[in-house]
Amino acid sequence: TSEQTLSFYEVVGGEDAFRRLVHRFYEGVAEDPLLRPLYPEEDLTGAEERLRLFLIQYWGGPKTYSEQRGHPRLRMRHMPFVIGEAERDAWLRHMGDAVRSLELPPEREKQLWDYLVYAAHSLVNA
Ligand code: HEM
């Protein structure tokens with residue numbers, strides 16, 4: 001017999017779901033007067049890819065993020081950006097829109113959202 005436990009990544013729809021999540025999120029960031037200036041690159045494609053690969057890895061998908069970027073060290077990597085409560089809340093507002101757009105089963109949506117809220121709170125540095 002073979003035993004198999006699906007990861008959260010697989011359960012919610014694999015790469016496609018994370019692609020849609022992060023794309024929707026960056027559509028919000030692109031229009032946000034508080035957040036947009038924080039992103040150093042003119043083109044948000046690279047930032048979008050890094051966040052997508054990170055979340056895929058975190059939720060049990062392929063480990064491409066660490067192959068390309070090494071250990072995540074998210075708190076350290078966010079130090080160059082001033083992240084206060086206003087920035088955190090704006091980030092979470094766009095992410096909330098993106099999460100809801102996936103229309104996941106309520107329990108899965110909560111699991112994803114609780115993590116993102118926790119992670120965003122942990123990255124406030126100003
Ligand atoms: C990178 C802002 C929260 C994951 C970045 C960057 C900015 C930023 C400006 C640089 C963009 C780039 O990669 O070129 C913020 C703000 C947040 C926030 C204002 C509000 C609290 C989060 C959270 C996560 C996250 C909650 C994870 C759940 C990442 C990742 C990168 C990144 C993976 C790329 C790191 C790398 O490999 O260089 N963020 N972020 N961020 N952020 Fe955030």
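Fair warning: this is a prediction, and the values are worked out from it, not measured in the lab. When reading the values below, keep in mind they use all heavy atoms of this one structure, side chains included, and skip hydrogens, waters and symmetry mates. Throughout, numbering of the chain's residues begins at 1 and tracks the sequence. Whatever order the structure lists them in is the order used to number ligands and atoms, beginning at 1.
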Subject >> Atoms in ligand 1 with a heavy atom of R77 nearer than 4.0 Å >> reply: 35 (C), 36 (C), 37 (O), 38 (O)
**OP:** Would you please say whether a donor-acceptor pair under 3.5 Å links the side chains of E48 and T45?
**Re:** no
**OP:** Measure the distance from atom 11 (C) of ligand 1 to every protein heavy atom, then report the residue, atom name and distance (to 0.1 Å) of the closest one.
**Re:** Y39 CD2, 3.5 Å
**OP:** Check whether L92 and V99 end up in the same hydrophobic cluster, where Ile, Leu, Val, Met, Phe, Trp and Tyr are linked by side-chain heavy atoms less than 4.5 Å apart.
**Re:** yes
**OP:** Please could you name the atoms of ligand 1 that Y65 approaches to less than 4.0 Å, counting only its heavy atoms?
**Re:** 35 (C), 36 (C), 37 (O)
Original post:
What pair of heavy atoms forms the shortest contact from L38 to V82, and how long is it?
Top reply: CD2-O, 4.0 Å
Original post:
To the nearest 0.1 Å, how far is atom 5 (C) of ligand 1 from its closest protein heavy atom, and which atom is that?
Top reply: H78 NE2, 3.6 Å
**OP:** Taking atom types as modelled, find out whether S66 and Q57 have a side-chain donor-acceptor pair closer than 3.5 angstrom.
**Re:** yes
Original post:
Any non-hydrogen atom of G46 lying under 4.0 Å from ligand 1?
Top reply: no
**OP:** Answer yes if the side chains of D32 and H94 hold a donor-acceptor pair under 3.5 Å, and no otherwise.
**Re:** yes
Original post:
Does the separation of the ring centres of Y9 and W59 fall below 6.0 angstrom?
Top reply: no
Original post:
To the nearest 0.1 Å, how far is atom 14 (O) of ligand 1 from its closest protein heavy atom, and which atom is that?
Top reply: R50 NH2, 2.8 Å
Original post:
Are F18 and F25 near enough that their ring centres are under 6.0 Å apart?
Top reply: no
**OP:** For atom 33 (C) of ligand 1, grab the closest protein heavy atom and report residue, atom and distance to one decimal in Å.
**Re:** F54 CB, 3.5 Å
**OP:** Identify the protein heavy atom lying closest to atom 4 (C) of ligand 1, giving its residue, its atom name and the separation to 0.1 Å.
**Re:** L51 CD1, 3.5 Å
Original post:
At what distance is the nearest protein heavy atom to atom 17 (C) of ligand 1, and which residue and atom is it?
Top reply: W91 CD1, 3.1 Å
**OP:** Quick one: look up the protein heavy atom nearest atom 28 (C) of ligand 1 and list residue, atom name and how far away it is.
**Re:** Y115 OH, 3.5 Å
Original post:
In the single-linkage hydrophobic clustering (I, L, V, M, F, W, Y; side-chain heavy atoms under 4.5 Å), do L55 and L74 co-cluster?
Top reply: yes
**OP:** Would you mind listing which atoms of ligand 1 come within a distance below 4.0 Å of any non-hydrogen atom of L74?
**Re:** 27 (C), 30 (C), 33 (C)
Original post:
For ligand 1, which atoms sit closer than 4.0 Å to a heavy atom of L123?
Top reply: 3 (C), 22 (C), 23 (C), 24 (C), 26 (C), 41 (N)
Original post:
Can W113 be reached from Y58 by stepping across I, L, V, M, F, W or Y side chains whose heavy atoms are under 4.5 Å apart?
Top reply: yes
Subject >> A119: numbered ligand 1 atoms lying under 4.0 Å from its heavy atoms >> reply: 26 (C), 28 (C)
Subject >> Atom indices of ligand 1, in the order listed, that fall short of 4.0 Å to a heavy atom of F81 >> reply: 6 (C), 7 (C), 9 (C), 10 (C)
Original post:
What protein heavy atom is closest to atom 38 (O) of ligand 1, reported as residue, atom name and distance in Å?
Top reply: R69 NH2, 2.6 Å
